[in-house]
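A short worksheet on the structure shown next.
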Amino acid sequence: MATFLYRLGRFSFRRRRLVPMLWIAVLATVGIGAMSVTTSTSDSFSLPGTQSQKAIDLLEKEFPQASASGATARVVFEAPDGRTLTSGADKTQVQSLIADLHKAPQVANVSDPYQSGLISKSRTITYAQVTYKVGQPDITDAARDALHSVVDQGEKAGLAVSLGGNAVQEKGGGGASELIGLLIAAVALVITFGSMLAAGLPLLTAVFGVGAAVCAITVASAFFDLSSTASTLALMLGLAVAIDYALFIVSRYRSEIRDGHEPEEAVGRALGTAGSAVVFAGLTVVIALAGLSIIGISMLTTMGLGAAFAVVVAVLIALTLLPAMLGFAGMRIMGSRFTSRRMRALQEGGKGETTGVRWARFVTRNPVKMLLVSVVGLGVLAIPALSMRLSLPDDSMSSPGTSERIAYDTITKGFGDGYNGPLTVVIDGQGSSDAKTAAQDAVARLGKMSDVAAVRPAVFNQNGDVALISVVPKSSPSSEATVDLVSEIRDRGPALKNDTGAELMVTGTTALNIDVSGKLSGALIPYLGVVVGLALVLLLLVFRSILVPLKAALGFLLSVLATLGVVVAVFQWGWLADVFGVDQTSPIVSVLPIFMIGVVFGLAMDYEVFLVTRMREEYVHGAEPTEAVIAGFRHGARVVTAAAIIMISVFAGFLLDDVALIKSIGLGLASAVLFDAFVVRMTLVPAVMTLLGRRAWALPARLARVLPNVDVEGERLRHLLAEPQDDGDDGSVGTDEARVSSGATGRS
């Protein structure tokens with residue numbers, strides 16, 4: 001691996017005009033394709049094998065007019081003080097607006113509250129449920145404009161009109177967070193390198209690679225059913241890892257230049273060592289993201305695969321385009337205009353020690369104490385995670401003052417929490433001798449349940465063998481009581497089938513959200529097992545050690561559990577809620593733990609590979625175990641710190657958002673990177689490596705013979721470069737290993 005990457009680096013350096021031209025051609029091709037195709041995205045949670053999905057499939061076939069998979073909206077009307085909605089001009093106005101909703105684009109049906117009796121006891125609040133023919137991602141601007149037109153007309157008549165439901169949600173604009181992230185990254189890179197040119201190259205190549213990846217995903221969305229958030233996640237992670245990988249290679253390149261090598265040789269050596277770490281760090285990220293496909297939810301699968309593709313592109317860019325750009329930069333990249341006098345003295349004369357080295361020496365002198373402090377501290381932070389509850393977001397999690405939150409609160413005030421998330425009970429009477437009697441029996445049984453606020457009469461399809469029953473819980477859609485109610489209703493299904501031959505199923509947005517949350521919760525352990533297991537195998541190849549990969553995985557688990565504990569304490573328990581601007585407590589969004597595990601595992605393994613690879617390199621080259629740890633910090637701590645600060649700053653920016661979901665993602669990812677980079681990798685890792693000593697790098701002889709030697713630390717390359725040189729090499733990638741040392745001008 002190291003030898004091939006050495007040759008690839010020198011090839012890209014020598015062909016520094018050809019390589020960028022090829023990448024520009026790739027970007028132009030996918031860019032033109034992205035502008036030419038008609039894209040189609042979907043964020044629907046398809047859950048094959050669950051009862052809610054089975055019911056939806058049945059309704060699509062036997063009850064198409066119900067539009068079971070269509071988007072929904074709630075239009076809530078409230079009369080001002082002293083007026084009611086049951087008579088006079090206000091009633092006429094509401095009926096007129098409901099008639100307008102019937103005529104709106106993409107509308108399948110609209111419930112009439114005056115026919116169904118959905119008027120509050122005070123006679124001041126009512127709402128109409130709008131069902132669309134298409135899912136939420138396919139709602140057009142014209143359909144949304146029709147909703148807002150109803151709001152405007154109602155308010156002109158003196159009514160308070162608010163909108164809720166997933167049809168109201170606008171597609172996010174994005175862009176601001178990425179721009180802020182780039183600015184923060186630029187500042188961190190300038191501080192790290194002390195040079196505008198050295199800081200600019202990682203940003204330039206990262207933006208180029210992310211642009212190519214996002215355009216390619218956009219083209220793919222014309223042929224495959226991708227999530228609308230696939231491009232966003234690819235953009236975020238692609239940018240993050242691309243900057244990290246370029247940062248690591250540029251740092252190693254500058255180190256090789258300071259060791260006396262000419263630029264071309266320095267590029268080859270940088271890719272032969274740091275490039276190997278980039279390849280395997282990238283593979284761990286790809287494994288973590290592609291592993292989302294095992295959960296069985298199409299939206300998460302496409303998100304994971306899209307982001308994994310962006311990471312692959314980032315690795316290819318780092319290994320080809322970056323060396324070519326370093327060829328253009330030459331020795332100018334060694335400028336240190338923005339470097340402090342102390343750092344210049346350290347770099348030029350080796351006088352003094354960096355903060356990273358001083359910290360490493362402190363940890364290696366007190367390994368037991370630092371290990372205990374790290375483990376106990378993370379363990380205490382993880383305690384709240386034991387009470388974590390999962391749920392998908394609903395309008396109750398919207399920011400105060402938004403139309404969705406006002407609609408939710410108004411319905412709660414007029415009718416009760418449960419009316420915000422009614423359950424749809426489907427009676428499949430195709431196997432029953434009397435479907436209508438079976439449906440009536442089901443209505444009677446449901447009405448006797450303790451947590452049911454209301455049961456509406458059954459509505460049948462044209463054939464009269466499939467019925468819909470709307471059941472309103474007493475509790476809110478995201479409450480534990482509603483989850484129990486859904487389970488209780490489903491438990492009554494077998495008895496109904498035995499008595500009548502009809503099958504009872506529960507579906508609807510609330511039940512589907514409960515099923516999604518249950519599936520995601522159940523997938524946490526299998527997902528962790530698959531991802532961590534594959535990564536252990538990969539790290540076993542990289543480090544040729546059993547204990548180092550185990551230590552890496554256990555450290556990651558500690559940081560993830562601590563992060564989940566922090567998120568639960570803030571958003572579910574309400575600790576420090578005022579500090580983070582959390583208005584009310586709620587269950588944790590179901591996708592957050594899985595999403596966070598995938599993202600953070602990849603980034604954590606990046607830091608692990610970058611830091612520990614250099615330790616192994618020093619150890620293989622003859623350093624004592626403790627000195628190898630310190631040397632790893634001398635060369636890698638500054639880079640890992642810069643990368644972590646960039647990530648923490650970008651993720652923490654999401655805390656400024658008004659939406660609780662975005663806040664929780666921001667806090668979760670920022671906390672995870674903070675814990676993993678500074679507690680696990682910077683404290684726990686050197687403590688454990690010091691305690692293990694030479695045993696950290698031990699590998700049973702039988703296993704050592706079986707495992708391929710991927711030479712991540714570049715030991716084989718080091719020996720080849722020490723051999724007598726042959727001036728006949730043309731620098732091409734395909735030359736024989738024996739000729740790899742040609743043109744080397746530096747010392748090995």
Side-chain angles (χ1 to χ4, degrees), residues 1-2 5-6 8-9 12 185-186 188-195 197-206 209 237-259 266-286 311-323 325-326 329 333-334 347 354 356 539 542-543 602-618 631-647 673 676-677 681-682 685 712-714 717:
M1 173 67 77
L5 292 177
Y6 170 86
L8 178 62
S12 298
L189 289 169
V190 169
I191 293 173
T192 301
F193 291 127
S195 163
L197 181 60
L201 283 183
L203 293 175
L204 175 64
T205 54
L237 289 185
L239 197 61
V241 299
I243 293 174
D244 279 5
Y245 299 161
L247 169 65
F248 193 54
I249 290 174
V250 171
S251 177
R252 187 59 183 257
Y253 170 77
R254 284 161 56 94
S255 176
E256 296 292 341
I257 290 288
R258 282 194 291 269
D259 285 346
V267 165
R269 289 173 179 257
L271 249 71
T273 50
S276 298
V278 164
V279 170
F280 284 96
L283 282 175
T284 60
V285 181
V286 169
V311 173
V312 171
V313 173
V315 171
L316 294 176
I317 286 284
L319 299 180
T320 55
L321 180 60
L322 181 61
M325 300 308 294
L326 289 172
I333 203 170
M334 298 303 295
Q347 292 173 356
T354 64
L539 293 176
V542 173
F543 298 122
L603 295 177
M605 292 304 104
D606 276 1
Y607 303 146
E608 176 75 14
V609 171
F610 291 164
L611 198 60
V612 182
T613 297
R614 193 60 185 253
M615 295 179 189
R616 175 168 174 77
E617 182 180 341
E618 296 296 329
F633 269 73
R634 179 178 294 113
H635 297 288
R638 189 174 178 84
V639 178
V640 170
T641 300
I645 289 173
I646 290 171
M647 292 300 99
V673 174
D676 201 273
R681 308 303 154 191
M682 293 292 190
V685 166
V712 174
E713 69 280 352
L717 174 64

Q: Mind listing the closest non-hydrogen atom pair of T320 and L316 along with its distance?
A: OG1-O, 2.5 Å
Q: Hey, could you give me the OG1/CD distance between T284 and E608, rounded to the nearest 0.5 Å?
A: 10.0 Å
(Q) So which atom in E618 and which in A631 form the shortest heavy-atom distance, rounded to 0.1 Å? (A) CG-CB, 3.4 Å
(Q) Can you confirm whether F633 sits close enough to V685 that some side-chain heavy atom of one is under 4.5 Å from a side-chain heavy atom of the other? (A) no
**Q.** Of V313, L319, V312, the residue whose pairing with V315 passes side chain to side chain contact (heavy atoms under 4.5 Å, CB included)
**A.** L319
Q: Can you sort out the partners of D244 under salt bridge (charged side-chain N to carboxylate O under 4.0 Å, His left out), two or more places apart, ordered by chain and number?
A: none
**Q.** Closest approach of G282 to Y245 (non-hydrogen atoms, all atoms of both residues)
**A.** CA-OH, 3.2 Å
Q. Which pair of non-hydrogen atoms, one from A637 and one from G356, has the smallest distance, and what is that distance?
A. CB-CA, 4.1 Å
Q | Distance (rounded to the nearest 0.5 Å) between T205 OG1 and M325 CE | A | 8.5 Å
**Q.** Spatial distance of atom CG (L611) from atom CZ (F248) [nearest 0.5 Å]
**A.** 8.5 Å
**Q.** From CG (L247) to CG (L201), nearest 0.5 Å
**A.** 11.5 Å
**Q.** Donor-acceptor pair, side chain of S276 and main chain of G272, under 3.5 angstrom
**A.** yes
Q: List the atom of A677, the atom of A644, and the distance in Å for their closest heavy-atom pair.
A: CB-CB, 3.5 Å
**Q.** side chain to side chain contact (heavy atoms under 4.5 Å, CB included) partner of R254, chosen from R258, R252, E256
**A.** R258
Q: Check the pair L322 / I317 against side chain to side chain contact (heavy atoms under 4.5 Å, CB included), numbers first and verdict last.
A: CA-CA 6 Å; L322 181 61; I317 286 284; 5.6 Å; no
Q. How close do P323 and V267 get, heavy atom to heavy atom, and via which atoms?
A. CB-CG1, 3.7 Å
Q. In Å and rounded to the nearest 0.5 Å, what is the CD1 to CG distance from I249 to L271?
A. 5.0 Å
Q) To the nearest 0.5 Å, how far apart are CZ in F543 and CE in M615? A) 9.0 Å
